[in-house]
Number of protein chains: 2
Amino acid sequence: MTSTDAPGTTQTQQRRPTRQRRAVAAALAGFDDFRSAQEIHDLISRQGDSVGLATVYRTLSSLAEAGEVDMLRNEDGEAIWRSCSDTHHHHLVCRTCGATVEVEGPAVERWTNAIAAEHGYADLSHTLEIFGTCPTCR
Amino acid sequence: MTSTDAPGTTQTQQRRPTRQRRAVAAALAGFDDFRSAQEIHDLISRQGDSVGLATVYRTLSSLAEAGEVDMLRNEDGEAIWRSCSDTHHHHLVCRTCGATVEVEGPAVERWTNAIAAEHGYADLSHTLEIFGTCPTCR
DNA sequence: CGTGGGTTTGACAATGGTTCTCAACATCGC
DNA sequence: GCGATGTTGAGAACCATTGTCAAACCCACG
């Protein structure tokens, strides 16, 4: 767990630059829509690297926790991932091809906070994803 | 979907009033937060009825398709269910105890439609759920 | 450089939610 | 009541995800 629990240090991450983690990062750089962990794993294999599936999961999770990738769930509840910009945002995702548009909605953020406050809920998180069929896939 | 349609079309609507379906409906009437299929299954057993887990899943799915229950996914990707009012709405769900507040956001609906239209996406659906810790669980 | 200790990995097992299978059974229209 | 057809249940099958743990690796230090 947290080996260095010193109050001031924000060094919760032990991130060693290994071949595997570089491979995952490289794979993430190669697409801009959302992919499942297994698809990413296949992608890595196809790029010639070999990384265990468990490691792909571990790496993706820690990257997500670090805010470097977005993880969301498709309509079947499966986790899908992609690298992301660092601001909070939501997605408009094509149900067919996965094409993704990043959208921001300050109004929505404000609205969710207001609603939650109104009911006394704390420690908030929210999900807002829009699924549809993109112009190309129609 | 349409309840009565052309004679030739295959009727996918088979809804027979069975003991099992009544039991699921009764269980759904017994709580107003979101529960997993397995919790609902347990609830039914505790009420004295005996319904197979697969049947619970089947019934919940078909009720969801018919718009009589809400199904959404918690942060772990598990499906959770509850009977719902018939208007479109979203939820503020307690991460700890599952207490749920139904919220409406016309502004949000308008916003998602606008965003999607702007990018040419059609056949829309969207998810917006707020998770937090309710006043009681804090 | 060589060494030692903590970190990371990978093959595989284990989990757990969900769906499938299919024979036995309940309902419905007649 | 009877036969056709929808429905059920027990368990197997599925499959994404996570846990296990010994071996491989990275890094700091001597």
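Convention: sequence-line order gives letters A, B, ...; per-chain numbering from 1.
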Below the 4.0 Å mark, does dG6(D) have OP1 or OP2 next to a side-chain nitrogen or oxygen of Thr18(B)? no
Could you state the CG-P distance from Asp42(B) to dG16(C), rounded to the nearest angstrom? 14 Å
Short side-chain N/O contact from Gln20(A) to OP1 or OP2 of dG10(C), under 4.0 Å: yes
Donor-acceptor check, side chain of Asp76(A) to backbone of Glu78(A), threshold 3.5 angstrom: yes or no? no
In whole Å, I'd like the distance from the CZ atom of Arg19(B) to the P atom of dA26(C). 9 Å
Would you kindly give the CG-to-P distance between Asp76(B) and dT15(C), to the nearest whole Å? 18 Å
Round to a whole Å and report the spacing from CD of Glu39(A) to P of dC15(D). 15 Å
Distance in Å, Asp70(B) CG paired with His91(B) NE2, rounded so as to fall on 0.5 Å steps: 4.0 Å
Flag yes if Ile115(B) and Tyr121(B) sit in one hydrophobic cluster, no otherwise; membership is Ile, Leu, Val, Met, Phe, Trp, Tyr, and two members link when side-chain heavy atoms are under 4.5 Å apart. yes
Ring centres under 6.0 Å, that's the criterion: do His126(B) and His90(A) meet it? no
Nearest heavy-atom neighbours spanning Ala64(A) and Met71(A): CB-CB, 4.4 Å
ILVMFWY network linking Leu128(B) to Leu92(A), side-chain heavy atoms under 4.5 angstrom: yes
To the nearest 10 degrees, how far apart in direction are the end axes of the helix from dC1(C)-dG30(D) to dC30(C)-dG1(D), each fit to five base pairs? 30°
Taking the side chain of Arg21(B) as its heavy atoms from C-beta onward, which of dT7(D), dC28(C), dT8(C) lies nearest to it? dT7(D)
Counting primed atoms, P, OP1 and OP2 as sugar-phosphate and everything else as base, the B/S/- map of nucleotides 17-24 of chain C against protein heavy atoms under 4.0 Å is SBBBB---
Distance from Cys84(A) atom SG to Leu63(A) atom CG, nearest 0.5 Å? 10.0 Å
Measure from CZ on Arg22(B) to P on dT7(D) and round the result to the nearest Å. 14 Å
Test your reading of the model: is there a side-chain donor-acceptor pair from Arg95(A) to the backbone of Asp123(B), 3.5 Å cut-off? yes
Can you tell me how far P of dC25(C) sits from CZ of Arg16(B), to the nearest Å? 16 Å
Looking at every heavy atom in both Gly132(A) and Leu124(B), which two are closest together, and how far apart are they? CA-CD2, 4.1 Å
